[in-house]
Amino acid sequence: MNLNKLQEWLQASGNDVAYISNPTTIAYFTGYDMEPHERIFALVAFKDSDPFVFVPALNVEEAKNSAWDGDVFGYLDSEDPWAVIADKIKGRTSEYQKWALEKNNLSVAHFQLMHEQFPDANFDGDVSNFIAKIRLYKTPEEVKQLQAAGREADFAFEIGFNAIKTGVTERYIAGQIEYQLKVQKGVMHESFETIVQTGTNAANPHLGPTMNKVQPNELVLFDLGTMHNGYASDASRTVAYGEPSAKAKEIYEIDREAQQAAIDAVKPGMTASELDGVARDIITKAGYGEYFIHRLGHGIGKDVHEYPSIVGGNDLVIEEGMCFSIEPGIYLPGIAGVRIEDCGVVTKDGYEPFTHTSKELKYIPLSD
């Protein structure tokens with residue numbers, strides 16, 4: 001489960017202890033997934049000793065019966081968790097002077113409480129970048145989970161398209177998607193709040209869903225995803241309800257061309273910046289460059305947004321096994337917004353999307 005890579009990194013970086021505090025990262029390394037809420041949940045790894053998982057007492061048996069086969073230690077609500085975990089660390093190794101933390105996750109309050117237990121230790125190390133980079137390359141099993149999540153997203157689009165009627169709200173459509181995912185597919189968690197935007201609302205990329213009502217002859221934008229066995233999907237489609245304006249149809253076709261061109265362009269050896277440029281150049285040459293206001297894509301895996309950013313200026317070389325989104329958008333304030341998005345995996349020959357809902361502009365007949 002990649003814990004050997006973490007131990008090797010500790011040895012190479014000169015750190016003694018890695019304190020992993022992000023539940024998603026812990027699940028990545030151990031196979032045990034849990035939401036601790038306000039309690040303490042941690043994976044502690046050492047450069048030359050066995051790691052352990054630290055959980056609230058009420059989760060000890062659950063952790064022991066999970067995919068994790070290492071030691072599990074717990075603490076009672078009546079105990080000081082920092083004193084307990086410090087005792088377990090000191091009982092495992094005498095070398096705990098140099099620490100590496102997940103600095104992009106650990107709160108200042110928790111850091112201070114841990115520091116009080118080890119006042120002479122050096123906490124300068126940061127394991128965050130190492131974790132982001134090893135999570136960048138997905139195994140065949142991880143790709144299977146992402147593909148399954150993609151199929152759930154395709155199902156969600158079908159439900160959403162069928163829910164569009166004159167006068168229903170964006171929130172109603174989003175609610176239908178989430179309800180049917182649970183009832184028909186057993187999906188208990190979305191990867192983020194389902195976004196449904198109709199008309200001019202879609203020109204605000206992350207707005208919604210609101211109580212705005214669907215009106216005839218508008219575009220309706222969907223952005224949605226699910227969690228499947230701990231892996232996320234994320235996809236966007238924009239459809240026509242009735243006959244939208246000529247301008248709306250124009251920007252749709254430009255965006256669709258840009259998205260497909262980027263998908264077709266993916267190949268190992270190109271940079272993230274070059275890929276962003278493929279889609280951005282098409283939109284810019286069509287006169288809408290100023291309305292493409294975000295990066296082309298982001299990584300995906302156990303989190304819906306992961307490293308890397310597919311964006312201009314990023315010289316990261318794209319390689320086989322990387323998974324990321326391709327999602328150009330054009331947003332015209334007061335008129336309409338369009339985004340088309342697929343996530344996929346880089347292969348030796350190109351890019352295989354996880355979602356397959358058609359990207360030809362879908363016209364939904366008017367219905368009361």
Side-chain angles (χ1 to χ4, degrees), residues 2 5 9 12-13 24-25 28 103-104 126-140 142-143 146-147 149-150 191 205-206 223 225 231-236 254-331 338-356 359:
N2 292 310
K5 294 180 181 179
W9 179 85
S13 63
T24 303
T25 308
Y28 176 77
K103 291 189 176 180
N104 64 359
D126 187 358
V127 71
S128 302
N129 288 338
F130 165 75
I131 291 169
K133 288 177 181 177
I134 64 168
R135 285 176 58 179
L136 175 60
Y137 300 93
K138 270 59 180 184
T139 66
E142 287 182 298
V143 170
L146 290 164
Q147 290 170 333
S191 52
H206 281 175
D223 189 356
Y231 286 82
S233 57
D234 182 8
S236 299
I254 294 167
D255 198 67
R256 186 175 69 85
E257 178 188 354
Q259 203 249 1
Q260 190 60 52
I263 286 176
D264 293 342
V266 175
K267 60 182 178 182
M270 73 185 309
T271 68
S273 182
E274 289 171 340
L275 182 56
D276 180 277
V278 171
R280 200 167 301 275
D281 287 350
I282 290 172
I283 293 173
T284 299
K285 288 176 181 177
Y288 295 100
E290 67 181 293
Y291 302 106
F292 180 11
I293 54 178
H294 54 73
R295 61 191 174 185
L296 178 65
H298 57 80
I300 192 166
K302 293 189 76 67
D303 284 314
V304 69
H305 282 192
E306 292 190 354
Y307 177 81
S309 285
I310 309 300
V311 66
N314 184 359
D315 293 328
L316 174 79
V317 176
I318 291 171
E319 296 178 326
E320 187 176 354
M322 293 182 179
C323 297
F324 51 78
S325 69
I326 295 179
E327 51 178 305
I330 301 174
Y331 312 96
V338 173
R339 183 167 62 258
I340 304 171
E341 172 188 13
D342 295 292
C343 290
V345 59
V346 179
T347 68
K348 64 179 181 179
D349 301 315
Y351 180 87
E352 293 182 359
F354 301 138
T355 38
H356 301 283
K359 288 171 279 192

Testing the basics here: between [X] and [Y], what is the closest heavy-atom pair and its distance to 0.1 Å?
{"X": "Ala265", "Y": "Val278", "answer": "CB-CG2, 4.0 Å"}
{"X": "Cys323", "Y": "Val143", "answer": "SG-CG2, 4.5 Å"}
{"X": "Val346", "Y": "Pro268", "answer": "CG1-CG, 4.1 Å"}
{"X": "Ala262", "Y": "Leu275", "answer": "O-CD1, 3.3 Å"}
{"X": "Asp342", "Y": "Pro353", "answer": "CB-CB, 4.1 Å"}
{"X": "Pro308", "Y": "Leu136", "answer": "CD-CD1, 3.3 Å"}

**Request:** Start with the C-alpha gap between Leu146 and Cys343, add the side-chain angles, then the distance that decides, and say whether side-chain contact (heavy atoms from CB on, under 4.5 Å) holds.
**Result:** CA-CA 9 Å; Leu146 290 164; Cys343 290; over 6 Å; no

Got [X] and [Y] here, is their nearest side-chain heavy-atom distance under 4.5 Å?
{"X": "Tyr351", "Y": "Ile326", "answer": "yes"}
{"X": "Ile330", "Y": "Ile254", "answer": "yes"}
{"X": "Asn314", "Y": "Arg295", "answer": "no"}
{"X": "Phe324", "Y": "His298", "answer": "no"}
{"X": "Ile310", "Y": "Met322", "answer": "no"}
{"X": "His206", "Y": "His294", "answer": "no"}

**Message:** Please determine whether side-chain contact (heavy atoms from CB on, under 4.5 Å) holds for the pair Gln260 and Ile340, giving the CA-CA distance in whole Å, both sets of side-chain angles, and the decisive distance to 0.1 Å.
**Reply:** CA-CA 9 Å; Gln260 190 60 52; Ile340 304 171; over 6 Å; no

Nearest-0.5 Å distance that lies between atom [atom1] in [X] and atom [atom2] in [Y]:
{"X": "Lys103", "Y": "Asn129", "atom1": "NZ", "atom2": "CG", "result": "11.0 Å"}
{"X": "Ile134", "Y": "Tyr28", "atom1": "CD1", "atom2": "OH", "result": "4.5 Å"}
{"X": "Asp255", "Y": "Lys359", "atom1": "CG", "atom2": "NZ", "result": "10.5 Å"}
{"X": "Ser236", "Y": "Arg339", "atom1": "OG", "atom2": "CZ", "result": "4.0 Å"}
{"X": "Ile131", "Y": "Lys5", "atom1": "CD1", "atom2": "NZ", "result": "13.0 Å"}
{"X": "Arg256", "Y": "Ile282", "atom1": "CZ", "atom2": "CD1", "result": "11.5 Å"}

**Request:** Taking atom NZ of Lys267 as the centre, report whether more than 12 heavy atoms of other residues, nucleotides or ligands fall under 6.0 Å from it.
**Result:**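 Counting neighbours around NZ of Lys267, 12 or fewer heavy atoms of other residues, nucleotides or ligands fall under 6.0 Å, so no.
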
**Asked** Any chance the side chains of Ser128 and Asp126 put a donor and an acceptor closer than 3.5 Å?
**Response**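 Result is yes, a qualifying pair exists.
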
**Prompt:** Do Asp315 and Thr271 get their side chains close enough for a donor-acceptor pair, meaning under 3.5 Å?
**Reply:**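 Asp315 vs Thr271: no donor-acceptor pair found between side chains.
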
**Request:** Measure the acute angle between the ring planes of Phe130 and Trp9, then classify it against the limits of 30° and 60° as parallel, tilted or perpendicular.
**Result:**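 Because their plane-to-plane angle is under 30°, the rings of Phe130 and Trp9 count as parallel.
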
**Message:** Using modelled atom types and a 3.5 Å cut-off, is there a donor and acceptor pairing between side-chain atoms of Ser191 and backbone atoms of Ser233?
**Reply:**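 Yes.
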
**Prompt:** Where the side chain of Lys138 meets the backbone of Ile300, is there a donor-acceptor pair that is under 3.5 Å apart?
**Reply:**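 Yes.
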
**Message:** On the six-membered ring of Phe292, is Arg280 placed so that its NZ or CZ lies under 6.0 angstrom from the centre and within 45° of the ring axis?
**Reply:**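 Cation-pi check for Arg280 and Phe292: passes.
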
**Message:** Asp234 vs Phe354, test: side-chain contact (heavy atoms from CB on, under 4.5 Å). Steps then yes/no.
**Reply:** CA-CA 9 Å; Asp234 182 8; Phe354 301 138; over 6 Å; no

**Prompt:** Can you check side-chain contact (heavy atoms from CB on, under 4.5 Å) on Asn2 and Arg135, steps first, answer last?
**Reply:** CA-CA 10 Å; Asn2 292 310; Arg135 285 176 58 179; over 6 Å; no

